[in-house]
Amino acid sequence: MAKLCVNEISEPVQTQFGWHIIQVLGRENKDNSSEFKKNMVRDAIRKRKLKKKQSFGRTFRLRDEAFVEIYQDRL
C-alpha cells in the first residue's frame, strides 16, 4: 500500500483475512511523534479534570444554597 500512488489500484493481495484489492484515495501527513502523543494524552486528562471540577462546583453550589433547619429538641 505504501508503494501505491494516489488513485492507483493494487493487484489482488492475500492476507489472513482473505483477498483484497487496495486503492489509495489520498494521503495524510500525521504527526506520530511521542511528543505529539504525550500532548494529546495531557490534553485529554486536562479536559477530564476540568469537567470533574465543574461537576464538583455545581455540587458545592447546591450544598451552599441548601437550607437546613435543626431542631435541638428532636435530637
Side-chain angles (χ1 to χ4, degrees):
M1 180 171 54
K3 295 177 183 178
L4 294 175
C5 296
V6 175
N7 293 324
E8 188 176 359
I9 299 174
S10 73
E11 295 293 323
V13 178
Q14 185 177 17
T15 69
Q16 64 185 6
F17 302 106
W19 287 92
H20 309 277
I21 298 174
I22 301 168
Q23 180 182 15
V24 177
L25 300 175
R27 299 204 185 274
E28 293 182 7
N29 290 329
K30 289 181 87 175
D31 185 359
N32 284 329
S33 67
S34 60
E35 190 65 31
F36 177 75
K37 291 177 183 178
K38 285 180 189 178
N39 288 335
M40 293 295 290
V41 170
R42 190 175 291 125
D43 288 345
I45 292 170
R46 193 175 292 133
K47 286 178 185 177
R48 188 181 313 150
K49 285 185 175 184
L50 179 61
K51 189 174 183 180
K52 197 174 203 179
K53 184 178 178 181
Q54 290 171 343
S55 175
F56 281 131
R58 279 182 250 137
T59 303
F60 290 136
R61 188 178 69 246
L62 286 173
R63 184 196 65 187
D64 292 342
E65 292 173 357
F67 176 76
V68 178
E69 189 173 346
I70 299 174
Y71 296 98
Q72 294 293 333
D73 60 333
R74 296 183 185 178
L75 293 177

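Just so it is clear, the model here is predicted, and its values are computed rather than measured.
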Begin with the C-alpha distance, continue with both residues' side-chain angles, and end with the deciding distance and a verdict on side chain to side chain contact (heavy atoms under 4.5 Å, CB included) for Lys37 and Val41.
-> CA-CA 6 Å; Lys37 291 177 183 178; Val41 170; 5.6 Å; no
What's the spacing between Leu4 CG and Arg27 CZ if we round to 0.5 Å?
-> 7.0 Å
For the student: nearest non-hydrogen atoms of Lys3 and Glu8, plus distance | O-OE1, 4.5 Å
Solution key, residues 15-26 side-chain donor-acceptor pairs under 3.5 Å, sequence neighbours excluded:
unit_1: Thr15; atom_1: OG1; unit_2: Phe17; atom_2: N; d: 3.1
unit_1: Thr15; atom_1: OG1; unit_2: Gly18; atom_2: O; d: 3.4
unit_1: Thr15; atom_1: OG1; unit_2: His20; atom_2: NE2; d: 2.9
unit_1: His20; atom_1: NE2; unit_2: Gly18; atom_2: O; d: 3.4

When rounded to the nearest 0.5 Å, the distance separating CE of Met40 from CG of Asp43 is 7.0 Å
Asn29 atom CG, over 12 foreign heavy atoms within 6.0 Å = no
Check whether any side-chain heavy atom of Asn39 sits under 4.5 Å from a side-chain heavy atom of Glu35, and report yes or no.
-> yes
With sequence neighbours excluded, what pairs up with Arg48 under the salt bridge (Lys or Arg N to Asp or Glu O under 4.0 Å) test?
-> none
